[in-house]
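Here the structure comes first, spelled out in structure tokens, and everything after it is commentary.
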Amino acid sequence: MADDKKLTKRSEDFSAWYNEVVLKAELADYSPVRGCMVIRPRGYGIWERMQHQLDTMFKETGHENAYFPLFIPESFMKKEAEHVEGFAPETAVVTHGGGKKLEEPLIVRPTSETIIYAMYAKWVQSYRDLPILINQWANVVRWEMRTRLFLRTLEFLWQEGHTAHATHEEAGEEARRMLGVYRDFMEGYMAMPVVTGVKTDAERFAGALQTYSCEAMMQDNKALQSGTSHDLGQNFAKAFDLRFQTEAGGIEFAWNTSWGVSTRLIGGLVMTHGDDNGLRVPPLLAPIEIVIVPIWRSEEDKGRVKAAAHLIKESLLSWERRIPGRLRVHVDDRDGIKPGAKYFEWELRGIPLRLEIGPRDLDQNQAILVRRDTGVKRAVSLSSVGEDAADLLHLIQETMLIDARERREHNSIRGGITYARFREVMEGDGGFVYAGWCGDAKCEAAIKEETKATIRVLPDEEFRSAEPPKTCLKCGSASIAEALWAKAY
RNA sequence: CGGGGCGUAGCGUAGCCCGGUAGCGCGCCUGCUUCGGGAGCAGGAGGUCGCUGGUUCAAAUCCAGUCGCCCCGACCA
């Protein structure tokens, strides 16, 4: 049945489409544990490439990796009032170990601020010990009510950077710097454009002074918070007695930041780039960039075409490209499956470039390159296939970002929207709406109540409208900041 | 936790009202023919019908209970 093979269309049921893509492209699968998923090799391969690139960027900005325990003493969590209040409802608690009740319950980390700053307090005596710039790659647990593959699971993988500084200014710069790193990564590698800005009180991280965020627009026009960076001020330093002696001889509390991105990014990748044929992976993150499909009729052709396919792979692997690393190539020479079936399979999995080689091509010393993003086919000479493939991959990467940005702008509304119109938009197609805000949390809450839309961020300057809004979207009094409103994941 | 739905082969499902040998599609295995956009034919493997109890000569089917999952609402990367 042909219908069994087709995905639900995005326009029919976006949520069903998303689940099918994740499962059928073999990125992840449901596990026997409620709310927890298994990340399969094709999904984990993308995560590994994300990790590698981010890790490089963290190192380039002076950070080192370390590892802190999974378990956090309950008393640690309780030391920062807002923090415990924010996370208590969603923590998993270990009460027994080795068959005995523990004297003090252990929290399975939902995030590691408390244990990390407790350790920093031990390591820091003087301003000479600062800054501390540490990142850890870890799993965390948050006991969510409703889960979605990659977007919200009880356990997920992430990185959390934790830094300590001598001045607030330096910490503030760090928080902004890492937000910039996230943005560069999301746009440069994921081809996922983001709006950056600062969160309102309602959406701020529990225990932070300021939370900065990257917000991306998914194809259903909802916002995905894809990375956050926090200026923690001295809140945790005070809770954990993280003090240092200044150059002048006084004693001060250190200033902290924390910042993180998670496997949620994979969900963002799917919902940013996927189409009705399946996943589309930007080349820079694709574990396989090029799949070679040999085509044959006779036994005789089969031999020579398969041999040619492997030779082409060797040729591609030896190509010196401008970016680090070799081309990542796979030859699909499985017997008993027709080429067409292979095309559908690799398209579903989102491989950016397909190379078809058949007897007729071989006779003409050429191959066919097919782009996953546009479907456009092109014949190339076997003598220049490496260069052509590398160029196309580069072009695909660029095109995906441009297309995603165009889609976002097309679904963004700016300038003088009435609240009635706003409600229509949020009940209809949704999107990003830039509008004024009076600064009162009551207006924000009322809008959330009535439309489900929230302020995703107060956008950074480059994202703001040329003409600043004058009045609050809700109450009509003077606007103190332009806000980006949207429904969110 | 409130509302709605569903548990039958790896996946999707029919059968249930009206009890009586568990069926179909996809996938899987073998063979032959195929192979430039989801192949065809032939043969084959695969099921404690979520679980427990009850009614009955007999339960996927009727009754009671229970567990799990999915969808919609309040929290969240």
Test: [X] and [Y] ion pair at under 4.0 Å:
{"X": "A/E64", "Y": "A/K59", "value": "no"}
{"X": "A/R10", "Y": "A/D275", "value": "no"}
{"X": "A/K342", "Y": "A/E347", "value": "no"}

For [X] and [N], give me the distance from atom [atom1] to atom [atom2], rounded to whole Å.
{"X": "A/E20", "N": "B/C11", "atom1": "CD", "atom2": "P", "result": "15 Å"}
{"X": "A/K199", "N": "B/C76", "atom1": "NZ", "atom2": "C1'", "result": "11 Å"}
{"X": "A/L23", "N": "B/G12", "atom1": "CG", "atom2": "C1'", "result": "14 Å"}
{"X": "A/I295", "N": "B/G37", "atom1": "CD1", "atom2": "P", "result": "8 Å"}
{"X": "A/K24", "N": "B/C26", "atom1": "NZ", "atom2": "P", "result": "14 Å"}

Listing time: all N or O pairs from protein to nucleotides 3-8 of chain B that are below 3.5 Å?
none

>> Does the plane of the ring in A/F236 sit parallel, tilted or perpendicular to the ring in A/Y117? Use 30° and 60° as the thresholds.
In response: tilted

Report all interatomic pairs (protein N or O, nucleotide N or O of nucleotides 43-47 of chain B) with separations under 3.5 Å.
none

>> Cation-pi check for A/F71 against A/R109: NZ or CZ below 6.0 Å from the six-membered ring centre and within 45 degrees of the axis, yes or no?
In response: no

>> Does the structure place the NZ or CZ of A/R456 under 6.0 Å from the centre of the six-membered ring of A/F432, at an angle of no more than 45° from the ring's axis?
In response: no

>> Heavy-atom nearest nucleotide on RNA chain B for A/L362 versus A/A202: which residue maps closer to 5'?
In response: A/L362

> Of A/I337 and A/K448, whose closest RNA chain B nucleotide lies nearer the 5' terminus?
Replying inline: A/I337

> Only one of A/R334, A/R42, A/K24, A/K338 forms a salt bridge (charged side-chain N to carboxylate O under 4.0 Å, His left out) with A/E345, so which one is it?
Replying inline: A/R334

> What residues, two or more places apart in sequence or in another chain, satisfy salt bridge (charged side-chain N to carboxylate O under 4.0 Å, His left out) together with A/R142?
Replying inline: none

> Does atom CH2 of A/W143 have more than 12 heavy-atom neighbours, drawn from other residues, nucleotides or ligands, at distances under 6.0 Å?
Replying inline: no

> Out of curiosity, A/R280 CZ to A/R371 CZ, how far, rounded to the nearest 0.5 Å?
Replying inline: 9.5 Å

>> Within residues 343-350 of chain A, which residues have any heavy atom lying less than 4.0 Å from an atom of RNA chain B?
In response: A/Y343, A/F344, A/E347

> Going by number, which of residues 256-268 of chain A have a non-hydrogen atom under 4.0 Å from RNA chain B?
Replying inline: A/S262, A/R264

> Does A/E450 have any side chain to side chain donor-acceptor pair (under 3.5 Å) partners at least two apart in sequence or in another chain, and if so, which?
Replying inline: A/Y419, A/R423, A/K474

> Under 4.5 Å between any side-chain heavy atoms of A/C36 and A/L154, yes or no?
Replying inline: yes

> Can you tell me how far C1' in B/C70 sits from the matching atom in B/G50, rounded to whole Å?
Replying inline: 15 Å

Determine the contact category for [X]: base if any of its heavy atoms lies under 4.0 Å from a base atom, sugar-phosphate if only primed atoms, P, OP1 or OP2 are that close, otherwise nothing.
{"X": "A/R354", "value": "base"}
{"X": "A/L224", "value": "nothing"}
{"X": "A/S229", "value": "nothing"}
{"X": "A/Q225", "value": "sugar-phosphate"}
{"X": "A/D301", "value": "nothing"}

>> Can a side-chain donor-acceptor contact be found between A/H162 and A/E160 if the only test is distance below 3.5 angstrom?
In response: yes

>> My understanding is that only one of A/L284, A/V261, A/I266, A/D55 makes a side chain to side chain contact (heavy atoms under 4.5 Å, CB included) with A/M50; could you say which?
In response: A/I266

>> Test side-chain contact (heavy atoms from CB on, under 4.5 Å) on A/Y434 and A/L473; report intermediate values, then the result.
In response: CA-CA 9 Å; A/Y434 294 78; A/L473 173 63; over 6 Å; no

Identify, with sequence neighbours excluded, every residue that meets side-chain contact (heavy atoms from CB on, under 4.5 Å) alongside [X].
{"X": "A/A16", "value": "A/T8, A/D13, A/E20"}
{"X": "A/D201", "value": "A/R204"}
{"X": "A/I39", "value": "A/M37, A/Y44, A/F150, A/L157, A/T263"}

Can you give me the N/O atom pairs linking the protein to nucleotides 67-73 of chain B at distances under 3.5 Å, or say none if there are none?
unit_1: B/C72; atom_1: OP2; unit_2: A/R146; atom_2: NH1; d: 3.4
unit_1: B/C72; atom_1: OP2; unit_2: A/R146; atom_2: NH2; d: 2.1

>> For a salt bridge (Lys or Arg N to Asp or Glu O under 4.0 Å) check, start with the C-alpha distance between A/E187 and A/R183, then their side-chain angles and the critical distance, and finish with the verdict.
In response: CA-CA 6 Å; A/E187 299 190 340; A/R183 182 190 176 182; 3.3 Å; yes

Tabulate protein N/O versus nucleotide N/O from nucleotides 30-34 of chain B, keeping only pairs under 3.5 Å, one per line.
none

> Would you write out the dot-bracket form of RNA chain B, 5' to 3', with Watson-Crick and G-U pairs under 3.5 Å, [ ] for crossing pairs, | for pairs to other strands and . for unpaired bases?
Replying inline: ((((((((.[[[[.)....(..]]]].((((((.....)))))).....[[[[[..)....]]]]])))))))....

